[in-house]
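A note on names: the letters A, B, ... follow the listed sequences, proteins ahead of strands, and every chain is numbered from 1.
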Amino acid sequence: MTKKWNVEVKVNGRVKRAEVEPRLLLVHLLRDEFNLTGTHIGCDTSQCGACTVMMDGKAVKSCTVLAVQADGAEIQTVEGLGTVDQLHPIQAGFWEKHGLQCGFCTPGIMMAVNGLLQDNLNPSEAEIRDALDGVICRCTGYQFIVKAVQQAAETIRNSQQQSQVVPAEGGSV
Amino acid sequence: MTKVVGKPLKRKEDPKLITGNGQFTDDIKLTGMLYMAVKRSQHAHARIKRISVDAALKLPGVVAVYTGKDVQDKIKPIRSIWLVPGCDLIAKDRVPLAVDKVNYTGEAVAVVIAESRYLASDALDLIDVVYEELPAVVHQEAAIEGSAPVIYNDVPGNVAFTWKAGEVPEEVFANAEVVVKQRFYEQRVAANPMETRGAVAQYNPGSGELTLWCTSQNPHIHRLQYSEALGISETKLRIIAPDVGGGFGAKIAVYTEEALAAFAAMDLKQPVKWIEDRQEHFLATSHARDQVITTELAGTKDGKILAIRTRNVASLGAYLSTMGAGVPTIDFGLMVTGAYTIPYAQAETIGVYTNTTPTDAYRGAGKPEASYQIERIVSLFAEKIGMDPVEVRRKNLVQKGSFPYTNPMGCNYDSGDYQKVLEQALEAAGYAGLRKEQEEARKNGRLLGIGISTYVELCGLGPSAVAGAIGFGGGLYENCTVRVHPSGKVTVLTGASPHGQGEGTTFAQVVAEKFGIPIEDVELFHGDTHMISMGWGTYGSRTTPVAGGALAIAADRVIEKAIKIAAHELEVSPEELKFEDGAFMVKGDPDKKRTFKEIAWSANNAWNLPAGVEPALEGQCFFDPPDFVYPFGAHICVVEVDPDTGVVDLKKYVSVDDVGRILNPLIVEGQVHGGLAQGIGQALWEQTVYSEKGQLLSGTFMDYAMPKAKFFPMIESSFVESPSPVNPLGAKGVGETGTTAAPSAVVNAVMDALKPYGVVDLEMPLTPEKVWKAIQKGRAVK
């Protein structure tokens, strides 16, 4: 019997623990142990990116990370992005611009986009398409995904400007 | 009440999907659930000498191992559902697990059931199968040569059928001023939905009921087939298609693994899950296209097309898949003349068994192949007579005012203005300017190419009587139930089974507008054979034309009944009422009224109904359309080829489509983009490749070139709406336009770019290597 390892990860702000085989993939830890089934598996060679999550602030493919490697890490999955009542601007953008059809690849793509917008809040169309190189969508032809990302970026930019402006205004009252 | 039909509303389906709350098959987890893994053949053609499973069974956590011998008397072979008549078809059905011989790489030989997916996978390595390799035949043209290995003794020459339709009198070709002949290869591709196939089976030994969640585009067809294969009554077999992560035809087919998971669940009395991994998907889920099409066109020097004659040698793979015979025959052969008025047509298709994964429907199914050969040969014809490809098309397109137009194969093109979409596309692309630009570019050694496709496709499957006549093993009507709850909220149930196409929204738009209620009050339910009347599923762009037809009529039946109840309450005759904006009003006295919501409550409480009116408020319709629908359009593609590398740069893509009445332009445009990505993908990048021995060389996403975001420019799409007269919504279907139009538009563009090098045709996909070689060859000749 393979020796099992204890892992502790902070997923979407909550600490979770599991006893796992060293070979267990992070995506299976999330899906099978923690029941966070929003993260999907579309391939077995790290091409499709349906399993993309944020790990310690970086977008990673959770099918290519062992659960034991994630020990002590902070993970954000699609379930931690936003709720139906309070959608994250990326989710709102995908909804508004019809950036999804079957929705299977969508959680991973949104997390990859999260990675992009963290680094570049004003991406050009080419930069967006380039940033989507690690994910595959078979339904949309990507055009509305690009539009969704543009809209999300704009929303985030606007909200950041506002939050910068608000204290100044507050101070002047 | 504002009109909502035709508005670009965002989808009702999306909130759960964008928050990770979708429920796909692999998301289902049941108490005591076991996992199935499949041992597959590594040979394309081999006899099974021995299978040893002892070591696998000894692995802790392994619950059972089944081989072909274990299940051959328990699960019947899965029959093909489309037995095309009049072609001496010899159907070879898939057995659940190979017993004596494997006929393609990846064919299942055993399954392991274990306590976890990792353990089940481990156990596969402990199964020892001893094979005696046989020579394999991979390509259909080789397979029909006399010297080829024979896969089945009772299928001489590996020919499963020879199908013919139409006839061109010999003198038409003999006397023609111009004859153009070309061999085209529609390469083998894979649909590759992002969710692979999978199943979860749960058996109740007490009731004898089996529930099978599976990745299906047509749960009732799966019930029909698995009920027979497993010997379970339809009343005890519940097929549920939960959220399905794309299909594109690959999830129409009825396969064996789902039946094996169901059998194991019954045998072990524990739930069993099987999820295909991507490599398995490449091996075990149907492939598509793979047709060698030789087309001859007879025409006049001034550009009139007189006849089309095709010979299609189609690879069926090792078994006859669910719709495997229908795709290269009926679906292809009836549409070989495309959007043109051509007096004579003849199509012959030879269906061939090969040692490869079975082929079946993929987005367009036969129509992309038909469209490709006609759009390519028409462009070659234009080239040969020195005419602009646009001009040849103008001369031959079916004329406005001649609809319904019956093509030589008997298909009735429903409505539209084919010239108008062409002119609109030329305008949008700036065609005249492009030709000038091309002339300049050529002077500077730049290879700019312009490709045109004026396609038409047959879809909206379809009238059931026709289905019967063409050997389809079922009907093609569709059902909708419109159920009005006491609160006035509405559930729509349909036998179609959308999986990304957005009918949860478009159907709600139709109902909301008809009843004058908010779209939020309408929910669509589908994909459960226990809850839904007989239906046939989502494929062939049939959901909106056919299920939508059922929806419109069922909703009208609700209104008809509601009017009677409202009239009774208002003490007037039904004729004295009008129904507008969600209210039943007395004509001339609009203050005297009942709202839809009020009638929903009175119908459901049934305290005071008119004589002869039954309680509750529900309408149902089984809509059997009188004919198919024929979306059409004109697409223009502009490419620039790098002469030094052979790389094709897609510079511009313009699509103008007439898909009938548009219910939601946002969703329709999304469908066009998605289809185009797949169609362009086939033209430029995608191919399923086998080695000569039948090893799949393109078995992962590292080897199979799935289109990525940066491969595409912004698509410029627009629409013309000519309602179809064959269904109440006037819809024509939009899902398959892109795959039907794009391959020829793109290849025509690349061939146009390569014209200075005398290149006439290249096989898809037009990879840089292929294009570069053609340029080198052209240079050498020069």
Where is the tightest heavy-atom contact between A/I145 and A/G99, given as atom of each residue plus distance?
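Residues A/I145 and A/G99, closest heavy atoms: CG1-O, 3.3 Å.
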
For B/P498 and B/E503, work out which heavy atoms get closest and say how close.
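Distance-wise, the nearest heavy atoms are CB-OE1, 3.2 Å.
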
Between [X] and chain B, which part of the residue has a heavy atom less than 4.5 Å away: side chain, backbone, both or neither?
X      : result
A/I109 : neither
A/L81  : neither
A/N35  : side chain

Please determine, by modelled atom types, if [X] and [Y] share a side-chain donor-acceptor pair under 3.5 angstrom.
X      : Y      : value
B/T25  : B/T215 : no
B/S497 : B/Q217 : no
B/Q501 : B/H499 : yes
B/Q671 : A/Q101 : yes
B/R11  : B/N664 : no
B/T19  : B/N21  : yes
B/T285 : B/R197 : yes
A/T77  : A/T39  : no

Does any backbone or side-chain atom of [X] lie under 4.5 Å from a heavy atom of chain A? Answer side chain, backbone, both or neither.
X      : answer
B/D243 : neither
B/I667 : both
B/Y704 : side chain
B/Q23  : neither
B/P713 : backbone
B/L676 : neither
B/K29  : side chain
B/V672 : neither
B/F24  : side chain

Choice from [options] maximising heavy atom contacts with chain B below 4.5 Å:
options                      : result
A/L132, A/V78, A/D44, A/I128 : A/D44
A/I41, A/L87, A/V84, A/T106  : A/V84
A/C48, A/C102, A/G82, A/G38  : A/C102
A/R31, A/H98, A/H40, A/Q91   : A/H98
A/K97, A/H88, A/H28, A/E96   : A/H28

[options]: which one forms the most heavy-atom pairs within less than 4.5 Å of chain A?
options                     : answer
B/G247, B/A191, B/G675      : B/A191
B/P193, B/P60, B/P8, B/G245 : B/G245
B/H281, B/M702, B/H673      : B/H673
B/G674, B/A709, B/G738      : B/A709
B/G246, B/G670, B/S116      : B/G670
B/F701, B/Y118, B/F712      : B/Y118

Is the NZ or CZ atom of A/K16 both under 6.0 Å from the centre of the six-membered ring of A/F34 and within 45° of that ring's axis?
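Here A/K16 passes the 6.0 Å and 45° test against A/F34.
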
Which members of residues 146-159 of chain A, sorted by number, sit under 4.5 angstrom from chain B on a heavy-atom basis?
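The list, in residue order, reads A/V146, A/K147.
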
According to side chain to side chain donor-acceptor pair (under 3.5 Å), who are the partners of B/D277, at least two apart in sequence or on a separate chain?
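B/D277 satisfies side chain to side chain donor-acceptor pair (under 3.5 Å) with no other residue.
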
Please report whether the ring centroid of [Y] lies less than 6.0 Å from that of [X].
X      : Y      : result
A/F144 : A/W95  : no
A/Y142 : B/F711 : no
B/W274 : B/Y35  : no

So do B/K273 and B/W213 actually touch side chain to side chain, heavy atoms under 4.5 Å?
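Not touching, per the 4.5 Å side-chain cut-off.
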
Between A/D71 (side chain) and A/E8 (backbone), is there a donor-acceptor pair under 3.5 Å?
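Yes.
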
